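No experiment lies behind these values; they were computed from the predicted model shown. Throughout, a chain's letter reflects where its sequence line sits, starting with A, and its residues are numbered from 1.
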Amino acid sequence: MAEKIQRVRGTQDLFGDDIARFDHVVETFNRVRKLYGFRRVDTPIFEPTAVFARSLGETTDVVSKEMYSFEDRGGDSLTLRPEFTAGICRAYIQNGWQQHGVLKLAAHGPLFRYERPQKGRYRQFHQLDAEVIGAAEPAADVEVIALGAQLLSELGIADKVTLQLNTLGDAETRAAWREALVAHFTAHQDALSGESLERLAKNPLRILDSKAECDRPLVAAAPGIDAHMTSAAGAFFEGVQKGLQAAGVDFVRTTSLVRGFDYYRHTAFEFVTVHLGSQGTVIGGGRYDGLIETMGGPSTPAVGWAAGIERLGMLVAVATTDEIDVAVIPDAPAAESEALAIAARLRSQGVSVATAYRGNAKRRAELAAKDDVGAILFVRDTQDADQKLNFSGRKRDGKGKDRFQRVLSALHPTYDAMGGTYE
RNA sequence: GCGGUCGUAGCUCAAUUGGUUAGAGCGCCGGUUUGUGGUACCGGAGGUUGCGGGUUCAAUCCCCGUCGAUCGCCCCA
């Protein structure tokens with residue numbers, strides 16, 4: 001045998017229970033987003049590298065180290081999308097979607113990041129995405145967050161997840177707060193962990209969610225954003241909080257919740273769980289009023305979130321596999337073609353049918369049992385109409401009579417008699 | 001990128017301080033049995049113990065490397 005080829009590191013082959021969970025999450029998302037009027041959008045899986053490089057800032061580590069970038073045959077630098085937002089913004093700008101006024105968009109699909117895989121973190125992973133583009137009002141933040149909350153609720157995992165909420169203020173607030181943080185941590189830099197010392201130079205806000213024990217007291221003593229908040233930014237955050245309360249969405253103010261990039265303004269939020277180890281964020285989002293302008297578009301306010309499908313899938317109860325209504329089994333080889341005709345008839349009438357390709361009736365009944373079908377319809381090789389069909393309910397779930405009647409009414413009228421058992 | 005743990009039939013796992021021919025269940029294939037409510041019987045195939053090197057009379061077991069999985073760190077758009 002030739003050498004085995006294995007899947008690329010950090011990718012997954014989804015099947016069975018895994019893909020059932022995956023589908024359940026996506027289907028639930030599609031149902032819920034329609035309740036909020038979010039329209040589907042689908043943008044390319046790869047884009048010019050500039051789409052992501054420009055949105056993130058050319059020099060950041062994520063751009064240089066964590067993107068799947070390559071040259072195509074024409075020599076252009078392309079990148080497999082590491083996020084939805086930048087591609088959607090590119091589409092918004094390119095297609096002039098301002099014409100639609102406030103746009104509420106939903107997307108889902110694969111994303112790619114070159115990272116060390118761990119639980120709930122893959123190199124090809126999948127997200128749900130929701131964005132409101134063109135609205136500067138707190139009500140937009142409230143609506144996207146409420147959408148996320150209802151999604152979690154309908155997935156049956158709301159009790160496992162907490163909404164953490166914070167504000168990064170407007171540009172003025174953020175700059176003043178950042179300056180105060182740098183001053184504070186610089187004054188105590190000999191007490192900082194080595195990692196936080198690096199953050200102090202590169203990304204001081206990130207010190208706030210440091211996991212190092214020695215940083216705790218310094219973080220606790222760090223200046224909060226509230227003292228530096230402009231009245232406009234304070235009013236905005238107040239509006240978001242009031243709106244969430246009105247919408248019945250519980251949240252916890254989490255002053256350590258920050259974002260790494262400059263285009264983020266005002267609201268930042270994450271739905272987090274303690275059930276998935278260190279990769280506990282299942283939905284993360286915020287307001288990014290500065291992004292579209294940074295990418296060369298008109299100054300456009302926007303807010304949105306993305307959710308990890310794999311992570312949500314790990315939290316949901318096992319979705320039941322697609323149940324088959326009935327297995328049609330010929331009792332003898334001579335009844336095979338009649339069984340096929342009956343199966344075709346039932347399927348055309350909306351009854352799902354399992355058929356086996358080989359084996360005697362006993363064997364096929366065993367296979368049907370293994371596949372968890374709801375009932376078995378035996379087809380006998382006989383001219384006696386009363387003995388032709390035998391229906392046997394298999395499951396004690398109280399739906400036996402219903403299955404029997406569905407099968408009976410879906411059969412061709414020439415089958416006017418059927419023996420057997422059902423509940 | 002850094003550190004810990006792990007890697008044995010298709011799957012889940014065994015195998016005495018390093019010791020003979022690496023086992024079981026499930027699954028798969030074949031047969032028997034004759035009909036069906038998650039459970040019958042008999043048999044069979046299937047492994048270079050992730051891969052490569054080293055130590056040893058002898059390695060699934062010890063050492064090094066590598067690939068992969070997993071947990072944490074870094075990062076997190």
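B:rU33 is unpaired under the Watson-Crick or G-U wobble criterion, no partner having all donor-acceptor distances under 3.5 Å. Remark: B:rC26 base-pairs with B:rG10; criterion is Watson-Crick or G-U wobble with both hydrogen-bond distances under 3.5 Å. Remark: B:rC51 base-pairs with B:rG65; criterion is Watson-Crick or G-U wobble with both hydrogen-bond distances under 3.5 Å. As the counterpart of B:rG19, B:rC57 is assigned, both hydrogen-bonding distances of the Watson-Crick or G-U wobble pattern falling under 3.5 Å. When Watson-Crick and G-U wobble pairs are counted only if both distances are under 3.5 Å, B:rG1 pairs with B:rC73.
Taking the charged nitrogens against the carboxylate oxygens, A:D170 and A:R174 have no contact shorter than 4.0 Å, which rules out a salt bridge.
Using C1' as the reference atom, B:rA15 and B:rG47 are 14 Å apart when rounded to the nearest Å. Comparing the same atom, C1', in B:rG44 and in B:rA9 gives a spacing of 14 Å after rounding to whole Å. When the P atom is used for both B:rU36 and B:rC41, the distance is 15 Å, rounded to whole Å. Taking atom P on both B:rC6 and B:rG65, the two are 15 Å apart, rounded to the nearest angstrom. With both ends at atom P, the span from B:rG7 to B:rC64 equals 15 Å, rounded to whole Å. Comparing B:rG46 with B:rC62, their C1' atoms are spaced 30 Å from each other, to the whole Å. Using C1' as the reference atom, B:rA59 and B:rU12 are 25 Å apart when rounded to the nearest Å. Comparing B:rC13 with B:rG37, their P atoms sit 30 Å apart, to the nearest whole Å.
Straight-line distance from the CD atom of A:Q279 to the P atom of B:rC73: 8 Å, rounded to whole Å. In this entry the distance linking CD of A:E115 with P of B:rG1 reads 12 Å, nearest Å. The nearest whole Å value for the distance from the CD1 atom in A:I329 to the C1' atom in B:rU34 is 14 Å. Atom pair A:D381:CG and B:rU34:P shows a separation of 19 Å (rounding to whole Å applied). A:R81 places its CZ atom 22 Å from the P atom of B:rC76, with the value rounded to the nearest Å. In this structure, A:R113 atom CZ and B:rA77 atom C1' are separated by 5 Å, rounded to whole Å. Rounded to a whole Å, the CE atom of A:M295 is 12 Å from the C1' atom of B:rA77. Regarding A:R9, its CZ atom lies at a distance of 12 Å from the P atom of B:rU66, rounded to whole Å.
Across all strands, A:K119 comes closer than 4.0 Å only to sugar-phosphate atoms, never to a base (heavy-atom distances). Across all strands, A:D209 comes closer than 4.0 Å to no nucleic acid atom at all (heavy-atom distances). No engagement by A:F125 is indicated, since no non-hydrogen atom pair under 4.0 Å with the nucleic acid exists. Backbone-only engagement by A:G10 is indicated by non-hydrogen atom pairs under 4.0 Å involving sugar-phosphate atoms exclusively.
Of the possible polar contacts, none joining the A:T79 side chain to the A:R81 backbone as a donor-acceptor pair under 3.5 Å is found. A distance-only check finds no donor-acceptor pair linking the side chain of A:R123 to the backbone of A:G10 [under 3.5 Å].
The side chain of A:Q118 approaches B:rC71 more closely than any other nucleotide in the set B:rC71, B:rA77, B:rA69. In this structure, of B:rC71, B:rU36, B:rG68, it is B:rU36 that holds the atom nearest to the side chain of A:R380. Proximity note for A:Q6 (side chain, C-beta onward) versus B:rA77, B:rG68, B:rA69: the nearest is B:rG68. In this structure, of B:rC75, B:rG1, B:rU36, it is B:rG1 that holds the atom nearest to the side chain of A:R116. Residue A:F378 places its side chain closer to B:rU36 than to any other of B:rG68, B:rU36, B:rC73. Closest contact between the side chain of A:M67 and the listed nucleotides B:rG68, B:rU36, B:rA77 involves B:rA77.
For B:rC76, the OP1/OP2 oxygens have a side-chain nitrogen or oxygen of A:N203 closer than 4.0 Å. Proximity of A:R364 to the phosphate of B:rU36: no side-chain N or O atom is located under 4.0 Å from OP1 or OP2. Regarding contacts with the backbone of B:rC73, a side-chain N or O of A:K211 is found under 4.0 angstrom from either OP1 or OP2. For A:S278 and B:rC73, the shortest distance from a side-chain N or O to OP1 or OP2 is below 4.0 Å.
Contact of A:R121 with B:rC75 (side chain to base): a donor-acceptor pair of N or O atoms is detected under 3.5 Å.
With hydrogens and angles left out, the side-chain atoms of A:Y122 and A:E115 include no donor and acceptor closer than 3.5 Å. For the residue pair A:Q12 and A:E310, a side-chain donor N or O sits within less than 3.5 Å of a side-chain acceptor on the partner.
When each of A:F261 and A:V8 is assigned the nucleotide of RNA chain B bearing its nearest heavy atom, the one mapping closer to the 5' terminus is A:V8. Between A:E195 and A:T85, it is A:E195 whose nearest contact on RNA chain B lies nearer the 5' terminus.
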Test side chain to side chain donor-acceptor pair (under 3.5 Å) on A:R345 and A:S348 and set out the steps. CA-CA 5 Å; A:R345 167 78 187 186; A:S348 73; 5.2 Å; no
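Contact check for A:L80 versus A:Q124: no side-chain heavy atoms found under the 4.5 Å cut-off.
Ring centroids of A:H266 and A:F237 are separated by 6.0 Å or more, keeping the two rings apart.
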